[in-house]
**Student:** 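First the structure, then my questions, so here it is.
We name chains A, B, ... by the order of the sequence lines, and we start the count at 1 in each one.
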2 protein chains.
Amino acid sequence: MPIQALFASFDKYLPLNDEEREALRSCVIERKLRRKQFVLQEAEVCKHYTFVVEGCFKKFHVDTKGVEHNLQFIAENDWITEVDSIHNRKPSKAYIEAIEPAIILQISQRDLYDLLAKFHKLERIFRVIIENRYVALENRLLQTISETAEERYLSFMEQYHDLASRLPNTQIASYLGITPEFLSKIRGNLSKKTEKS
Amino acid sequence: MPIQALFASFDKYLPLNDEEREALRSCVIERKLRRKQFVLQEAEVCKHYTFVVEGCFKKFHVDTKGVEHNLQFIAENDWITEVDSIHNRKPSKAYIEAIEPAIILQISQRDLYDLLAKFHKLERIFRVIIENRYVALENRLLQTISETAEERYLSFMEQYHDLASRLPNTQIASYLGITPEFLSKIRGNLSKKTEKS
DNA sequence: GGAAGTTTAAGAAATAGGCTTAATGTAGTT
DNA sequence: AACTACATTAAGCCTATTTCTTAAACTTCC
């Protein structure tokens with residue numbers, strides 16, 4: 001049952017009681033997605049908080065020259081959040097797309113607000129979720145600002161080593177802000193270095 | 001009274017009642033800082049949530065080569081938050097330093113946790129505060145990733161135009177990830193462009 | 001099994017942004 | 001008020017990092 005994954009994820013923060021579980025269960029919608037399907041497209045207002053049960057997503061932005069920039073990868077037991085769009089009802093600046101076939105659980109903005117108002121515990125859990133996201137994002141910014149492409153690649157591999165093998169290099173390159181060819185060059189250099197030593 | 005600024009800031013999210021105000025007042029500590037004083041230093045564990053009543057701060061990171069990278073500026077009616085450090089009791093990776101003489105209000109981590117546990121409304125306000133921070137940070141990342149130095153400068157001026165005049169160029173350059181000399185070059189180019197048209 | 005997409009490779013080319021120096025300007029401290 | 005320590009602008013040269021290009025080999029997917 002996919003919803004068990006959601007409960008388990010919450011329980012890591014604070015264990016839920018039956019009432020809270022029931023309330024959650026009654027407003028969660030399950031969806032299956034194929035590769036390349038979108039959860040959210042640019043200019044659309046995000047209507048759901050989305051929990052990933054299975055599969056992997058990329059969140060990306062298309063710049064004025066038409067180039068895609070991967071902002072984030074989201075996989076199992078993690079939340080897809082387009083914070084500005086869902087809370088402030090603004091059109092999204094980003095796309096969110098499935099890289100693999102996926103199962104997700106969605107809660108509508110309306111239902112989420114009711115849940116947060118009714119259960120202090122859920123409000124807390126969602127505060128902590130967003131805090132964790134904030135920390136991850138700040139680390140990402142730090143890396144982007146102060147590291148070379150090679151260092152960023154190494155940081156990425158360390159942080160996402162489980163995911164890395166599931167992702168095509170083009171996607172990783174877009175995350176790192178370089179071309180796939182250059183990523184390949186970096187890998188070549190690194191394997192030369194390790195051979196020597 | 002500095003604490004009025006804090007109440008006013010909260011009231012923008014959700015109006016506080018007397019009990020909540022009293023609880024807040026009883027655990028808030030006021031501090032005055034001079035230029036170049038630190039609120040937090042690297043490797044230190046952040047012990048307080050800090051609200052800026054007056055003055056302006058920079059949050060920065062020093063890389064392996066000793067170069068400073070400004071992550072963020074924080075001014076009046078905004079919160080200084082070192083999320084990872086305060087919540088997970090980890091040593092901070094960043095420094096937070098006053099650029100101007102400042103007045104701040106601080107709540108200890110312990111007191112904050114009590115407040116959040118006791119008052120659902122405060123939990124909500126702090127959730128929304130961190131969400132807003134997240135949105136700002138995501139925009140910053142987007143700019144860093146997909147814009148040229150000149151575009152980043154223009155975005156910065158748009159977003160922080162009130163602050164910009166209070167900040168020395170060296171600080172702005174460090175935020176943009178370029179040298180002060182190059183920032184000066186960008187400004188020169190831009191004023192040439194506008195002269196022509 | 002064939003088409004479409006990925007990865008590696010390697011050399012040439014572009015350019016954004018750094019470095020240096022120097023002269024002038026501005027603020028903070030005593 | 002004067003001294004000092006930073007900040008800013010400018011200009012020319014420079015180069016490290018990436019991109020671009022082409023091509024061949026390898027995968028994955030329907």
**Student:** Just how far, in rounded Å, is C1' of dA23(D) from CD of E181(A)?
**Tutor:**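 Result: 12 Å.
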
**Student:** Mind checking R152(B) for me? I need base, sugar-phosphate or nothing, with any heavy atom below 4.0 Å counting as a touch.
**Tutor:**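 Here R152(B) touches the backbone only, sparing every base.
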
**Student:** If I take atom CD in residue E100(A) and atom C1' in nucleotide dT28(D), what distance separates them, rounded to the nearest angstrom?
**Tutor:** 14 Å

**Student:** Is the shortest side-chain N to carboxylate O distance from R166(A) to E100(A) below 4.0 Å?
**Tutor:** yes

**Student:** I need the NZ-P distance between K36(B) and dA5(D), as an integer number of Å.
**Tutor:** 12 Å

**Student:** Check E123(A) with R127(A), please: is the shortest side-chain N to carboxylate O separation under 4.0 Å?
**Tutor:**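 Answer for the salt bridge query: no.
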
**Student:** S184(A) near the nucleic acid: base, sugar-phosphate alone, or nothing, with a heavy-atom cut-off under 4.0 Å?
**Tutor:** base

**Student:** Keeping N17(A) on the side-chain end and E19(A) on the backbone end, is there a donor-acceptor pair under 3.5 Å?
**Tutor:** yes

**Student:** Compute both the distance and the angle, then confirm whether R140(B) meets the cation-pi test with Y175(B): under 6.0 Å from the six-membered ring centre, within 45 degrees of the axis.
**Tutor:**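 Yes, cation above the ring, under 6.0 Å and within 45°.
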
**Student:** F182(B) has an atom CZ; how far is it from atom P of dA16(D), in whole Å?
**Tutor:**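 To the nearest whole Å, that distance equals 18 Å.
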
**Student:** Take the protein atom CZ of R187(A) and the nucleotide atom P of dC26(D), then report the distance between them rounded to whole Å.
**Tutor:** 17 Å

**Student:** For I99(B) and dA7(D), what is the distance between atoms CD1 and P respectively, to the nearest whole Å?
**Tutor:** 11 Å

**Student:** So does D84(A) pair up with R89(A), basic N to acidic O under 4.0 Å?
**Tutor:** no

**Student:** Under the ring-ring contact (aromatic ring centres under 6.0 Å, His included) definition, can you give me all pairs with a residue in residues 81-100 of chain A, not counting sequence neighbours?
**Tutor:**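 Qualifying pairs: F38(A)-Y95(A), F60(A)-Y95(A), H87(A)-Y113(A).
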
**Student:** Taking for each residue the nucleotide of DNA chain C bearing the nearest heavy atom, is the 5' side occupied by N169(A) or by E147(B)?
**Tutor:**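 The residue closer to the strand's 5' end, by nearest nucleotide, is N169(A).
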
**Student:** Round to a whole Å and report the spacing from CG of L183(B) to P of dA11(D).
**Tutor:** 16 Å

**Student:** One thing to verify: whether R21(B) and D11(B) come together as a salt bridge, which I'm taking to mean a side-chain N less than 4.0 angstrom from a carboxylate O.
**Tutor:**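 A salt bridge links D11(B) with R21(B).
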
**Student:** Check this for me, if you would: do E147(B) and R152(B) make a salt bridge, where the nitrogen-to-carboxylate-oxygen distance has to be below 4.0 angstrom?
**Tutor:** no

**Student:** Between dT8(D) atom P and I178(B) atom CD1, what is the distance in whole Å?
**Tutor:**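 Distance check: I178(B) CD1 to dT8(D) P gives 12 Å.
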
**Student:** Given axes from five pairs at either end, by how many degrees does the helix from dG1(C)-dC30(D) to dT30(C)-dA1(D) bend, rounded to 10°?
**Tutor:** 70°

**Student:** Strictly by modelled atom types, are E68(A) and S174(A) linked by a side-chain donor-acceptor pair under 3.5 Å?
**Tutor:** no

**Student:** Going 5' to 3' on DNA chain C, which nucleotide is the first and which the last to come under 4.0 Å of a heavy atom in chain A?
**Tutor:**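 It runs dT7(C) to dG11(C).
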
**Student:** Just compare dT18(D), dT8(D), dG12(D) and give me whichever is closest to any side-chain atom of K185(B).
**Tutor:** dG12(D)

